[in-house]
There are 2 protein chains.
Amino acid sequence: MPKIGIEPIRRASLIKATIAEIGDVGSLEVTVSRIAKRAGMSSALAHHYFGSKESLFLSAMRHVLTVYGAEVRGALTTANGPEDRVRAIIRASFTPANFRREVISAWLNFYVLAQTRPQARRLLSVYQRRMHANLRHALRPIAGGRHDEIARSIAAMIDGAYLHAVLGPDTLDGPRAAADIDTYLTLALKDR
Amino acid sequence: MPKIGIEPIRRASLIKATIAEIGDVGSLEVTVSRIAKRAGMSSALAHHYFGSKESLFLSAMRHVLTVYGAEVRGALTTANGPEDRVRAIIRASFTPANFRREVISAWLNFYVLAQTRPQARRLLSVYQRRMHANLRHALRPIAGGRHDEIARSIAAMIDGAYLHAVLGPDTLDGPRAAADIDTYLTLALKDR
DNA sequence: TTTTGTTGATTGACGAGTCAATAAACGATC
DNA sequence: GATCGTTTATTGACTCGTCAATCAACAAAA
């Protein structure tokens, strides 16, 4: 039965199943068994590849972060000028690949974990720093000294929009959230 | 040992201990035993008063919400005019009583729970609706038709600021977060 | 003696992680 | 091109710990 060179495929299935399962259950109280079953294998195999539940989840988040990072980089390369760069970052945050219920649910649980687990916290810090650096860098030439405050505000609005997306009454509305943030940016830049 | 009329005191201690314990552990993986020990009693007594762990946590969140609601109402009564009412709501969100690590941690976990537990979701909806109604009502006379968008943006910024507070690199800075949101409001109203 | 408060001990369930065993492919050697 | 040891893949069964919830029993008020 064993097929060789299957490791990367297994890992990918497990990561995908982890996100999906967290989306269903809504918390980290998912069992390794269920994740493994969903990915079509035994829980022992999941442990074989990832060592522990936490490490599996961290790998899943690393994957989410990678996808997100790629999306941001992609959007940045096609942007003209600083302002457009900021809008590109905003846009990338609401792309269908990132702005999905299961993924947002994973984010939420990642935040919870980051409160106490150093590994999760480190990973989150890397992401936060990169996001902040991107925003600041794009804003510096156009924000007249207020780049820091504006970067903070945009970051807060993005995170807030994510929260409202999973928990708000209405169905997820990425475009509208992005539009609200765009409007804020226009306002912030107009005010000189 | 039993003292009569002690029920409300026990309940209050348990609620307080629940928040504190969640602040320490960072997640809902707190045990009833630890909460009870912290409150100076056996876990059986905690079950006696609250029935279940989930119900204990929901009561704790109801308490947090009550305190917050009172703070908002208090701030609103001393406000002059619509714009000041909006600022009062913002201010109330960053009051020392609400903007504390343990309380924010409880909020975060409450969000997680609200994804799947109807009771938690209902409770959250009540809070969200009230917040939105307050903001809209204060904004309508001054926002020139953009009250809905501005209310959404402020709500998102508040939630985002909460997230960053527990997880950001710097220590909690309520006043600065409030100031950023205030600045946004000024901008949004100036642009008419 | 009924109500209220209180606990230690117990139950019952569940789940992470380990392990021994099995099997297929690989590759080296004759 | 058969033989054999090595690596990789795979699982069922098991261990071990944890914890929510229950219960029987006890203590003090009223």
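Order of the sequence lines fixes the chain letters, A, B, ..., with proteins taken first and strands second; residue numbering starts at 1 for each chain.
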Quick one: [X] [atom1] to [N] [atom2], roughly how many Å, whole number?
{"X": "A:Leu56", "N": "C:dG15", "atom1": "CG", "atom2": "C1'", "value": "15 Å"}
{"X": "B:Glu29", "N": "C:dA16", "atom1": "CD", "atom2": "C1'", "value": "12 Å"}
{"X": "B:Leu14", "N": "D:dA20", "atom1": "CG", "atom2": "C1'", "value": "15 Å"}
{"X": "B:Arg11", "N": "C:dT6", "atom1": "CZ", "atom2": "P", "value": "13 Å"}
{"X": "B:Phe57", "N": "D:dC19", "atom1": "CZ", "atom2": "P", "value": "18 Å"}
{"X": "A:Met41", "N": "D:dG12", "atom1": "CE", "atom2": "P", "value": "13 Å"}
{"X": "A:His47", "N": "C:dG15", "atom1": "NE2", "atom2": "C1'", "value": "9 Å"}
{"X": "B:Lys53", "N": "C:dC14", "atom1": "NZ", "atom2": "P", "value": "16 Å"}

Taking a hydrophobic cluster as the set of Ile, Leu, Val, Met, Phe, Trp and Tyr residues connected by side-chain heavy atoms closer than 4.5 Å, whether directly or through intermediates, do A:Phe99 and A:Val67 fall within one such cluster?
-> no
Which nucleotide wins on minimum distance to the side chain of [X], given the candidates [options]?
{"X": "B:Leu45", "options": "C:dT6, C:dA16, D:dT11", "answer": "C:dT6"}
{"X": "A:Ile6", "options": "C:dA16, C:dG8, D:dT10", "answer": "D:dT10"}
{"X": "A:Thr31", "options": "C:dG15, D:dA21, C:dG17", "answer": "C:dG15"}
{"X": "A:Ala44", "options": "C:dG17, D:dG12, C:dT6", "answer": "D:dG12"}
{"X": "B:Tyr49", "options": "C:dG5, D:dC23, C:dT18", "answer": "C:dG5"}

side-chain hydrogen bond (donor to acceptor under 3.5 Å, both in side chains) partners for B:Glu29, two or more places apart | none
Using the six-membered ring wherever Trp is involved, compare the ring planes of A:Trp107 and A:Tyr111 and label them parallel, tilted or perpendicular (cut-offs 30° and 60°).
-> tilted
Pair B:Ser93, B:Tyr68: side-chain N/O donor-acceptor within cut-off below 3.5 Å | yes
Ignoring hydrogens and angles, state whether a donor on the side chain of B:Gln115 or A:Ser27 is under 3.5 Å from an acceptor on the partner side chain.
-> no
Please check the phosphate of C:dT4 (OP1 and OP2 only) for any side-chain N or O of B:Arg10 closer than 4.0 Å.
-> no
Look at all strands and tell whether B:Ser43 reaches a base, only sugar-phosphate, or nothing, counting heavy atoms closer than 4.0 Å.
-> nothing
Axis bend over the full length of the helix from C:dT1-D:dA30 to C:dC30-D:dG1, computed from five pairs that close each end, to 10 degrees = 10°
Atom pair CG/CZ of B:Leu135 and B:Arg85 - distance to nearest 0.5 Å | 11.0 Å
Taking atom CD1 of A:Ile181 and atom CE of A:Met157, what is their separation to the nearest 0.5 Å?
-> 5.0 Å
